[in-house]
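The structure appears right after this line, and notes come after that.
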2 protein chains.
Amino acid sequence: MTSGTVGTSGVTIRNVAAHAGVSIATVSRALSGSRPMSHQLREKVLASVVVLGYHPNLVGRALRKKKTSSLGLIIPDLENPFFSALAQQVSRRFSESGTDVLIISADNTLELELRAVRSFLGRQVDGLVMIPCDETNSGEAVQLASARVLTIQLDRLVHGVDLPFVGCDNTAGIDLVMHHIETFVDESNQPVIIVGGGGSTSSGRERLQEFTRHRPNSLVFDGQFSFEWGKQAAGQILAQGIKRGTIVSTADVIALGLTSALISAGKSVPGDFRVVGFDDVGVAYLAHPTLTTVSQPLSDMADSIFSFMIAHSQSDQVQPRKLFSPELVVRESSPASLK
Amino acid sequence: MTSGTVGTSGVTIRNVAAHAGVSIATVSRALSGSRPMSHQLREKVLASVVVLGYHPNLVGRALRKKKTSSLGLIIPDLENPFFSALAQQVSRRFSESGTDVLIISADNTLELELRAVRSFLGRQVDGLVMIPCDETNSGEAVQLASARVLTIQLDRLVHGVDLPFVGCDNTAGIDLVMHHIETFVDESNQPVIIVGGGGSTSSGRERLQEFTRHRPNSLVFDGQFSFEWGKQAAGQILAQGIKRGTIVSTADVIALGLTSALISAGKSVPGDFRVVGFDDVGVAYLAHPTLTTVSQPLSDMADSIFSFMIAHSQSDQVQPRKLFSPELVVRESSPASLK
DNA sequence: ATGAAAGCGCTAACAT
DNA sequence: ATGTTAGCGCTTTCAT
């Protein structure tokens, strides 16, 4: 091989040093600005960098500095629009400050989630943000992570582990929904029906519990956080001969499935069935009818994660759980009017 | 500090070697199985690994092996459901074979896209898959990437760079749509209107071109790939006093925005306006009415990327562009019936 | 079959 | 202000 023209480049700091006629330390300093140096020499080095097309090997740098300027983000499912939106906010917030956010999807699998944790730990990320897959069974993954790197749980809290958490005040969110219903719904005409997303995540469970606390005698259908379950639930409701109701669900993806199936079955929303969601995902306002739902302050949550990561890397105080207050967004599927 | 109980662990291969009373080379071999060794010794080493809670430092390994067992995936926008679905498929395919897929969102910005490329190159990913942001201006990022690592463009082709590409046969997709229209639509009653997603991406441009080739005299509205643009386009169409039509759009996100705005304005879909999308994103079948659209074989595309990456790392043959044939999915927004 | 030692690319002491 | 050198954690020759 003559001179690396193509392929995996392979031009190192040593090549740059040789080309510029300086030591490798000088090259390093010219790039980082970690020490004062003559302007002239710096220019010379920078010129060589450009000529040779040098790009620093971040692996070498990371090994030496024990720092990667990266944050790992593990999400259960890329296709859930709520998680995507959350990921986008976190990405944006850290990008602004020069930290690369690397995302791995756990594909709703505990095995892949654990592997993602191992991968990120091994790759020496400076911090880890995870939306755990499961309230109890993600414990191993979360514990492992937090024992080795600054870790924060997002949206879902794993049972029994006392670790930093940023999420939404689910109880308050449900209370907003119930207040809306008590104000605008004739429940003798459209009784409350609850459709949950399963008890395997904290947010799912908390929301479901608060609903049943308000309406202990209401019908409850419980399944997963998916469009598909929403469709099935609608089928089950109709199969029971129910003709009218106010269906409150613990996630927009469920609510959208519900609405879709109800309308396909010839029902009117909100005429026959009112439907209320939770999360305010982007498509909620595109649905027909547009979806009444609970909106979470995603951007504030991302800010909070960022602040915590910064603060913690300096001092060593524990972070309690940080809950953000959601807001009710009233749209067509359950309007602010009687009937 | 006494003995690392908490924090960034920091137990290295050397600690394991000391604990097991062997050399670090032996530990390495016990873990990798790269050389035959006595069963007894291996067990001893593995026991120490467990006792000490050792996890290999992948940064050290990568520096030495010049291989990271990771694939970089750059997507323009996490919140676009089509990209999310594509990312999920790619993730799944590579995960199965032990390669970690790390995702960075470019947040629809050329600057962030370039930074993502630099980041992945610096982190020495074994391969890079990118859905470029822009047909022409992503050239720098794609060129840089491909000069240093095996890179493949997904879904969108950057103009003028001759690099591996996996995508959909957009022309064929539009032809399917036009054939559907010619078969089932009375165009004197519902004339074709075209709503594009802008000319800055290859798929957007190709689809638009093929539409206008079929119907050179049709009205054309061009914007971006977003729900919001779909809503605006509907407003523009109605503002021109148009009462009926067959609106073909170059992406589902646009079609969903269109449908939403049309129905809000009191129009019937497909009665007044038929609407056809492209991509078949998950929510397309939840919309009201459900969306007639062109479906891409995402899983096959992911397989193709995987095969190519494997093949290329062995031989060195060039990969031509790989185009997959889409299928038409007929739903309610433009049914297979006249009127 | 096992150990000793070199070295991947980089930064940070430590010299000068 | 600049150069020399040690060493981050790991794999892989090269010895034995």
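Quick note on labels: first sequence line is chain A, next is B, and so on, each numbered from 1. No hydrogens, no waters, no symmetry mates; every other heavy atom, side chains included, goes into these values.
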To the nearest angstrom, how far is B/L31 atom CG from D/dT12 atom P?
-> 13 Å

Value in whole Å for how far the P atom of C/dG9 lies from CG of A/L52 = 15 Å

Taking only side-chain nitrogens and oxygens of B/T26, does any of them come within less than 4.0 Å of OP1 or OP2 of C/dG3?
-> yes

Atom NZ of A/K67 and atom P of C/dC10: how far apart are they, to the nearest Å?
-> 17 Å

Within the distance-only criterion (no hydrogens, no angle test), does the side chain of B/Q153 pair as donor or acceptor with the backbone N or O of B/V158 below 3.5 angstrom?
-> yes

Check every strand shown and say whether B/V59 touches a base, only sugar-phosphate, or nothing at a heavy-atom separation below 4.0 Å.
-> nothing

Within residues 43-51 of chain B, those residues having any heavy atom closer than 4.0 Å to DNA chain D are none

Check: A/R29 main-chain N/O paired with A/S34 side-chain donor or acceptor under 3.5 Å | no

Does B/K66 put a side-chain nitrogen or oxygen below 4.0 Å from OP1 or OP2 of C/dG9?
-> yes

Whole-Å distance, B/N57 CG to D/dG7 P, equals 18 Å

Is a donor on one side and an acceptor on the other found under 3.5 Å between the side chain of B/T68 and the backbone of B/A62?
-> no

Whole-Å gap separating C1' (D/dC10) and NE2 (B/H55) = 17 Å

What nucleotide among D/dC8, D/dC10, D/dA1 has an atom nearest to a side-chain atom of A/L63?
-> D/dC8

Exercise: identify the closest heavy-atom pair between A/I131 and A/E113 = O-OE2, 4.0 Å

With side chains defined as the heavy atoms from C-beta onward, is the minimum distance between B/V90 and B/I305 less than 4.5 Å?
-> yes

Considering only nitrogen or oxygen atoms on both sides, find all protein atoms under 3.5 Å from nucleotides 12-16 of chain C and state each distance.
unit_1	atom_1	unit_2	atom_2	d
C/dA12	O4'	A/R64	NH2	2.9

B/S23 vs C/dA4: side-chain N/O to OP1/OP2 distance below 4.0 Å = no

Check: A/E111 main-chain N/O paired with A/T109 side-chain donor or acceptor under 3.5 Å | no

Gap between atoms CZ and P, on B/R123 and C/dC10 respectively (whole Å) | 14 Å

Does a salt bridge link B/D300 with B/R93, judged by any charged N lying under 4.0 Å from a carboxylate O?
-> no

Will you find, in the side chains of A/S23 and A/T26, an N or O donor that is under 3.5 Å from an N or O acceptor?
-> yes

Output yes when at least one side-chain N/O atom of B/R61 is less than 4.0 Å from OP1 or OP2 of D/dG9, else no.
-> no

For residues B/F120 and A/D100, determine if any side-chain heavy atom of one lies less than 4.5 Å from a side-chain heavy atom of the other.
-> no

Measure from OH on A/Y54 to C1' on C/dG9 and round the result to the nearest Å.
-> 7 Å

Return the 5'-most residue of the pair B/M37, B/G60 with respect to DNA chain C, ranking by each residue's nearest nucleotide.
-> B/M37

Could you check how far CG of A/L58 sits from C1' of C/dC10, rounded to whole Å?
-> 10 Å

B/D303 with B/R92: basic N within carboxylate O range, under 4.0 Å = no

